Amino acid sequence: MSRMTPSISKLIYVTQDIIDGISPDLPLTLSTIRIPEALIGDSDLLSIFDHSRPLGISPGYAEDGRLLGLAISDNLNCRIIEFKTAKRGERRRPAGGSSATDVAPGLKSLEEKILCRPAGDLLAFDMGPLAMALYKDLRLSITSAIDIQSAYSAVDRKPLGAIRAAVGDDADSPYKMKVKVENIKNTFLYPVYDPDNNHTVIDLAVRAWVSQFLAIYGNGESVFEKAPRIDTRKLTAPHLQMISKLFNDSHRLDQKKPVQVAHQFQQSVNGADSQLQLKATHFNNRFRGDRKLRMEVDGQHGKFNVTGSLGGVSGRAANVVTTNNLTKNVITTVTSIGRDDPTTAEAQRAAAVLRILQGTDKLLDESPWIQNIWFPQDDEGSLTWPEEWSKESIAKPTRKQSLPPFQLNSSQRSAVNYMMSRQDKDRITLVQGPPGTGKTSVIAAFVHFSSILPQFGGVWLVAQSNVAVKNIAEKLAKTNFLEWKLLVSRDFIFQWHEHLYTKITDRIISSEEFISTSKASIRGTKVILCTLSMLSNKNLKKFTTEVPLKTLIIDEASQIEIGSYVPVFSNFKGSLRKVCFIGDDKQLPPHGQEDLKDLQSIFEVPHLSKHVKFLDTQYRMPPQIGTIISDLVYEGKLKSNPEHPVTSDTTACYFLDIPGKERPLQTGSYLNTAECEAILLLAEKLEEQGKSYRIITPYDGQRTYIETEMKEKGLKWEDKCFNVDSFQGNEEDFIIISVVRSRSLGFLKNLRRTNVMLTRCKLGMFIVSSLQFLQGPGAETLVGKLLKRMEPAVWLTPTDIEEGKF
């Protein structure tokens, strides 16, 4: 192929695949161009688009979220530009649209002829992420760019909704058009581009063609005329860098969501209408609505495969819709197809940043929270706030209240005072709390003290997980502070986690009750607790009216990527005056950081590190374990309770030498059955002795196997076995740890997760691994170093366990 000639691959027919009723079918000439080898200088390769009619564009992404291809289409031609050599971080150029000599001529031509064309609009679904991918990956500008979902006010941001709004559908359409729903869903399902896969090539071209088609069909011209445009040349370099990272981080995390999920379930028949029902047995792979199903069935004549869909999900139960009658067959496997939709919080984040790109929201310039976190004045961490905030009066207590006698150490008192400060320099407060240092006690003390001072009201207390929020609520109840409400999603609690809330049921408000809850029942509430995601719920107005969000306490802040705060800073910019971040950057990181290394929590923002207060004494672990963790993880700064009931005369950590080997599972997890057998034996002995224990393992495959075997052996299995991520913030007298790995390090390479795993016990810990592994490949892991430091390390065998020699 000549370097100056695109490869003409085919004529494709797109209209009947998407919208039925356009006749005749229109052929689209599809060709591909490779950048920068083919598109050099002032070539004619893009001259077919040298007109003022709208162009549709669509991105094709690599598996890692990098922009790999761009389809450009008018009503007759489509060109797919392949950025074969465009790797993330290459071709740096100044922001704001100025050219640089190191930009390949092909990219320069693409920018001038298409992305910043002098006449005519560019249209795309999800234009915001696309515009930022062009900037982040290729340093390309774009002008007169329209986000299609915004133009049609598609609330759920799905392409299907915008297409339906554009063409009507069935009876609503004056032209009797029929939208082919499943075809549209399939076309937009998985925007990963593979030039060797014909399906991904065609889907990419069709997405671009549909984008321009909506502008020339029906009243599309008038709709898009009113739509706000994106022009990245109008944004400053710092703003572009911040926005592109927000979009890019969100997009890459979305790309990591699985396209299909294998379910664990029980099969039943709904007696009322004889409809097939499946009941999920595990929350993490529960059924979700609007999904296709692929099922393997064991029937009278052997195994066969069936497809279907979910006809409704409530709690654990899901109705199955299929043309086959399966009520008398055994379904052996069920896999649902489709990515999870963005959460409400994710959608609000994307919407807020899109408004900034479109120039309709001045949040970056007007929010002091964003200014101080993302655009500091200097490297010293100086913080600047509106003058009127400093002039707000600090009132005296409105009532007398007897406070519980909190037993706080000096670092905890310092942290509470820091959180109580209303000075400008302390409006952003960061408290680092290593395991067992009393983060929840610090939060409870703050709540008690702040509740009698009007300037703190209202206090909203949030965390990343529902379990962390529940733990804080129980702590408040235990300290006799009862002027709070806890907001929780129905999807989390109904038929899944009611048992977690038995101690505080009377103060729970489920999301299904938000609309019906009266203002009178909220009045007088001093504190509202919920997850960070819940702050984006559209039905919170009556709660924020009665308890304005003025002071925000964020637990587990080290697990939250900083872009997740954008909806909060946008939605509550009028009321928010103080934010306290509580966490530990030596424990669990933001979700996805292991793969996407540049994700940051608030604790990893360099200029804010000077504002961190450190809780310096742990009360959970026996000192013989706590001292080692302090040296290996916290640079020796973490002290242990000298009055801990487990003294150095008692062995607090045992190792079980189990020489089994792990094997990979199809789910991507790992299983070591030899370790499982030893753990079951140990669990049985601890149960006989009446000991309180929990089991932690890095891998879900191991956890599921242990839980299933415990159930079959008649052991107490509910809330006994956890993966590491689900157990941060929790503790137990005795902890059994299944390392699983015996060949390569895998999970153990992550110090933060291993730190969480090893710091949960109050009285003792059993580590199930093998001597050969921990003295060999695993010697330099945190577990291996712990073994070296134990004096002496006590190894057990299954016989020792059987005989109770521990």
Side-chain angles (χ1 to χ4, degrees), residues 363 366-374 376 381-398 412-433 439-440 442-463 469 472 476 481 483-484 525-530 532 534-535 540 543-544 546-558 560 562 564-583 601-603 605 607-613 615:
L363 187 67
E366 297 174 355
S367 168
W369 300 101
I370 287 180
Q371 287 290 324
N372 281 301
I373 292 174
W374 277 276
S382 303
L383 306 180
T384 305
W385 304 95
E387 287 186 19
E388 57 268 26
W389 289 13
S390 302
K391 297 175 182 177
E392 292 176 352
S393 61
I394 298 180
K396 295 180 179 180
T398 56
Q412 290 171 329
R413 288 195 299 273
S414 177
V416 173
N417 290 334
Y418 186 31
M419 295 168 69
M420 294 289 293
S421 171
R422 306 301 292 180
Q423 297 184 51
D424 278 354
K425 67 183 180 64
D426 298 328
R427 290 191 185 276
I428 291 179
T429 297
L430 292 94
V431 177
Q432 181 184 1
K439 294 189 295 293
T440 307
V442 167
I443 292 171
F446 167 80
V447 167
H448 276 275
F449 294 136
S450 65
S451 67
I452 61 174
L453 297 174
Q455 60 265 28
F456 285 97
V459 173
W460 283 64
L461 216 167
V462 306
V469 175
I472 298 169
L476 294 178
F481 182 85
E483 297 170 294
W484 52 268
T525 299
K526 297 293 182 182
V527 179
I528 301 247
L529 298 94
C530 64
L532 178 65
M534 183 65 78
L535 286 179
L540 284 189
F543 298 99
T544 55
E546 294 298 320
V547 189
L549 200 163
K550 194 172 182 181
T551 301
L552 180 62
I553 312 298
I554 303 171
D555 194 16
E556 294 185 334
S558 49
I560 300 171
I562 57 172
S564 301
Y565 301 123
V566 169
V568 180
F569 297 147
S570 176
N571 295 340
F572 303 102
K573 55 189 173 187
S575 63
L576 188 60
R577 293 293 182 269
K578 170 97 178 182
V579 182
C580 301
F581 299 94
I582 320 291
S601 77
I602 196 75
F603 285 89
V605 177
H607 71 276
L608 294 179
S609 61
K610 298 178 178 64
H611 296 267
V612 176
K613 297 288 184 183
L615 302 182

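All values below come from the heavy atoms of this structure, side chains included, with hydrogens, waters and symmetry mates left out. These numbers come from a predicted model, not from an experiment.
- If you take NZ on K573 and CH2 on W369, they are separated by 15.0 Å, rounding to the nearest 0.5 Å.
- Between M419 and K613 the shortest side-chain heavy-atom distance does not fall below 4.5 Å.
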Worked check of side-chain contact (heavy atoms from CB on, under 4.5 Å) between W460 and T544: CA-CA 9 Å; W460 283 64; T544 55; 3.8 Å; yes
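- Here the shortest heavy-atom pairing between K550 and R422 reads CE-NH2, 4.4 Å.
- Side-chain N or O atoms of S450 include one that pairs as donor or acceptor with a backbone N or O of F446 at under 3.5 Å.
- With a 4.5 Å cut-off on side-chain heavy atoms, S564 and L532 count as touching.
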Chi angles and distances behind the side-chain contact (heavy atoms from CB on, under 4.5 Å) call for T384, Q371: CA-CA 9 Å; T384 305; Q371 287 290 324; over 6 Å; no
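- Taking 4.5 Å as the limit, every side-chain heavy atom of S451 sits out of range of all side-chain heavy atoms of V459.
- In this structure the side chain of W484 never reaches within 4.5 angstrom of the side chain of I472, judged on heavy atoms.
- The two residues C530 and L535 make their nearest non-hydrogen contact at SG-CD2, 4.0 Å.
- I554 contributes atom CD1, which lies 8.0 Å from atom CD1 of I602 (distance to the nearest 0.5 angstrom).
- For the side-chain contact (heavy atoms from CB on, under 4.5 Å) criterion with V447, the lone passing option out of L529, V527, I553 is V527.
- Between F603 atom CZ and I582 atom CD1 the span is 7.0 Å, to the nearest 0.5 Å.
- A donor-acceptor pair under 3.5 Å is absent between the side-chain atoms of R577 and the main chain of T551, judged by distance alone.
- Put simply, the side chain of V431 does not reach to within 4.5 Å of the side chain of I443, judged on heavy atoms.
- Distance check: L576 CG to W389 CH2 gives 6.5 Å after rounding to the nearest 0.5 Å.
- Distance check: T429 OG1 to K578 NZ gives 3.0 Å after rounding to the nearest 0.5 Å.
- Annotation for I562 and S601: closest pair CG2-C, 3.4 Å, computed over non-hydrogen atoms.
- Side-chain contact between L552 and V462 is present, with heavy atoms from C-beta onward closer than 4.5 Å.
- Across A415 and V442, no two heavy atoms sit closer than the pair CB-CG1, 4.2 Å.
- Distance check: H611 NE2 to Y418 OH gives 6.0 Å after rounding to the nearest 0.5 Å.
- At least one side-chain heavy atom of I428 sits less than 4.5 Å from a side-chain heavy atom of L383.
- Across all their heavy atoms, S390 and D424 have their closest contact at OG-OD2, 2.6 Å.
- Two residues are said to be in side-chain contact when any heavy atoms from C-beta on lie closer than 4.5 Å; N372 and W385 meet this criterion.
- Open room surrounds CD on E387; 12 or fewer heavy atoms of other groups in view lie less than 6.0 Å from it.
- Between Y565 and F581, the two ring planes are perpendicular [angle over 60°; tilted spans 30° to 60°].
- The nearest pair of heavy atoms linking Q432 to V612 is CB-CG1, 3.7 Å.
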Stepwise side-chain contact (heavy atoms from CB on, under 4.5 Å) test for M420 and V416: CA-CA 6 Å; M420 294 289 293; V416 173; 4.1 Å; yes
